[in-house]
Each structure stands twice: as C-alpha cells, then as structure tokens.
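In what follows, a single structure is set out as structure tokens and then discussed.
What you see is a predicted model, and the numbers here were worked out from it, not measured in a lab.
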Amino acid sequence: MTSPRHSEDWQDLIAGYVLDDLSPAETAQMQGLLSQPEIQAEVEALQELVDLLDYTPPEQTLPAHLRAQVLTAAQTLGQEKTQAQPQSQWKRRWWVLGGILVALLATLAFDNLRLRQALEQNQHLVSLLRQPNIQLYTFAGTDVEPEAAASLIIHSDRAQATLVTHRLPQLPAGEVYRLWAILETASDPLYCGQFNRDTAEWNLPTAACSQVPSQLLITAEDADAPPVPAGTLVLQSS
Amino acid sequence: MPQDPAPDNLDLNVGQATDAVLIEALRQGHVEALGALYDRYAHLVYRVALKVLTQPDEAEEVTQDIFVTLWQRDTYNPSRGTLQAFLSVMARSRAMDRLRSKGTRWRMLQRLQRHPGSPATSPLETASLHERSREVKTALTDLPHPERIVLELAYFEGLSQSQIAQRLDIPLGTVKSRTRQGLQKLRQVLSDHR
C-alpha cells in the first residue's frame, strides 16, 4: 500500500488530510498511513505550506494617510478615459500622464469652447449632486435602443429634473422623449416632463413626480400627443 | 432653508447612499463618492493585498492604485456581481501581478543566498515568517491557472469551497480535486526552486 508506485495516491490523500476534506473512506485509509514516518514528514511539510499560504502579517491597519492620498491622486489625475492598462508602476503612469497631456493640449487647441462648455456642464452636475434632497436614477436602454443609457437627478426641493443621456438618438421635429413615473399610489403612469436633447433640465409638472417611484420610464412620443404614454419605450430605470 | 448644504450634511448623505448611487455619482465626477466607497471598502482591498504581498507598503500602493483606477476608468458592471466582490477580485489580481513581476528578482536572491559556502540550512528555514510566506505565494504564480485560481480564492479572498464552485461555475468535486492537486504542485514548484 505504501510502495513508491502508490506515491501519487498518498500525495492526494495527504493533501486532502491537510485541507481537512477527506471522505470517510479516505479518512480510514489515512489513519492506517499516519504511523509511517515518511507520511508524517509529508503531512508536516504540506501543513507548513498551507500555513504559509494562509499567513497574513500582523500589520493589518490601513494607514490613515492613504485616504487623503487616494483622493488627491484622483483629483489630480482626473477621469481621463485612456486606453492604457491600469498598471501600478509609476514609470508607466508617467507615460500615461504624458499621453493625456498631449491629448488634452490637442483637444484644447482644436475645440477649446466645447471643452469649456463640457466643464461648465460637469461643474453644474457636480454642484447639483452636492445638494441635499436629490434622487439619482440610472436608465438602461430597452431592446429598441440597447446601447442607450441615461442618468436622472430629481431635485425634490426645487421640483426640478436634470437628465443626461448617452447614445440616445435625437428625434425628428414634432417628436419628443417623455419621462413617466410609475407610482404605487397611482394606477396610471404619471407624466413628468419631456426633452429632445442629450442634456436637459426642466421643472417637474407636478409635485408627485418628486415622490420615490417604483419605476421610471422614457418613451418616444408625438410632441402634441396628450400626456398618456402611447409611443415606444426606449429607456427604463434600473 | 439654507441655499448651500453644510459639508457635514453632504458627507452624511453620501455615507448613507447605496453602492449603485455612489458608483453613478463617481461616474459623474463626484469625488466625495470615491471617498465614501474608499471608507466602505479600503479595509477589504488592503487586507487582500496584504495577505498576498505580505509587505504593508506594497499593499498600500495596490490599494491606492485600485481606488484611483476605479475613479479614472471605472469598469465595474453591477450585473456581474457586487462591488465588494469586484474590488476583492481586483485586489487579489493586482497583488498577484505584482508578485509575479517581482518573482524573478526574488528567486535570484534566493539562489544567491544558497551559493557554496553559505550555511547548510535552506533559505526557507532561515527566512522570517512573512518572507517564507511571500516565497510560497510567489511560487503560486507558477502553477497552472485551474489549480492556482482555487488556491487564490480560498486563501486570499477567503472563499469556501462551495463559494469557489459557484464563482467559477464548476462542480464542488472539481474544486476539491484542484485544491489538492494545486497544493501538491505548489510543493513541487518550491522543491524545484531549491
């Protein structure tokens, strides 16, 4: 049973023994082997391996200064969408930073006004997010517009909605996208405003639109249609 | 009603927000959301990185790297699992990459310590506990992926065998056999290094 040709079986048994996952039959088999010094030595070696794998150094406290360091690095580096692989080496990061700077300069030279508008828009969104009593919703495209997405901020104090869409096509003249709230307190979808741009802000038509809905929907409708959903469902809140 | 919220008020709202809300706010460029996610998960990320790397300064760098990357290029997809699981996987994977890239240098040092004339004891016997642990974890990077991943999930992310089976979508019996084989292969890799 303990001849060299069975060494693979021993190894498997010993590994199972150290990992504490032997079947009752294997346990019985192992009991018979444990008296042999070579098996004991093998058990000890594998047990040491498991202990070293499982070892965690005692210094487990997260350094207090790291939080500020992370936030400063984030603010300094910004949210550039580069193609670089996320690597920890600073050397690579400098290359990435260099690339970002070159791209940024080119963008500035090419379309400074557009960049400034985007920045103002971002600042406006950030300032909105800093307000109390806001609700933030995200939307995913339906099968009609699978790549479309949107984010909506409802400012309940001001009864205002701010919407940013992504890959949602602009509708032809005479058509608009409409936002509907499905409320538990109402049987029909509640009309909560309309838009036809990738970024829009409007006053909510009724206070009930500030209530937390069970779902929000966005449909494409005729601009002069009554406020009842009849068009195509393009986005729904997740 | 005040026009501008006090900073404390903002922190309170962000601190109570769900992960989904914070991720969305982060995508919109709200750095406070990153701070809240850091407060929630930095301990987990640091613990996993430290477990793999055994060096606090390296675990610190990995932790910073992960949160800055989350901010810069957020690739988290909620449909694939929780943010906690995503960050845990990222921490393990980044730490293992680092271990792998430093493995060659580590082994060279090990060989230098064993040149003729040095004491007969093996480096594994003389090294400190965390150095020995690091050598074992570095050797793990030489294992074939099927065996390596089950050991990594068990020892670095603390998953049970049934959780590993679920994560990898393989039968529990396969997890058991790969764990055993992984341990044996790890021992072989370490023997080859000596």
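By number of non-hydrogen pairs under 4.5 angstrom with chain A, the leading residue of F67(B), Y155(B), F156(B) is Y155(B). Ranked by heavy-atom pairs under 4.5 Å with chain B, the list L136(A), L53(A), V18(A) is led by L53(A). Of the listed residues (T56(A), L71(A), L62(A)), the greatest number of heavy-atom pairs within a distance under 4.5 Å of chain B belongs to L62(A). Ranked by heavy-atom pairs shorter than 4.5 Å toward chain A, the options V21(B), L26(B), T179(B), D39(B) are led by D39(B). Looking only at heavy-atom pairs under 4.5 Å with chain B, the residue among A68(A), P63(A), A45(A) that has the most is P63(A). For the set A154(B), G35(B), A33(B), A20(B), the entry with the most heavy-atom pairs within less than 4.5 Å of chain A is G35(B).
Residue Q166(B) places its CD atom among 12 or fewer non-hydrogen atoms of other residues, nucleotides or ligands, all under 6.0 Å distant.
For S88(B) and E157(B), the side-chain atoms include at least one donor-acceptor pair closer than 3.5 Å. In the model, E60(B) has a side-chain atom that pairs as donor or acceptor with a side-chain atom of H65(A) under 3.5 Å.
For chain A, no part of Q181(B) is nearby; none of its heavy atoms comes within less than 4.5 Å. The part of L19(A) that comes within reach of chain B is its side chain, from C-beta onward, which places non-hydrogen atoms under 4.5 angstrom from that chain.
Under the 4.0 Å criterion applied to side-chain N and carboxylate O atoms, R180(B) and E26(A) are assigned as salt-bridge partners.
Partner of E152(B) under the salt bridge (Lys or Arg N to Asp or Glu O under 4.0 Å) criterion, out of R92(B), R167(B), K51(B), R178(B): R92(B) alone.
Side-chain contact check for R98(B) versus Q55(B): every heavy-atom pair is 4.5 Å or farther apart.
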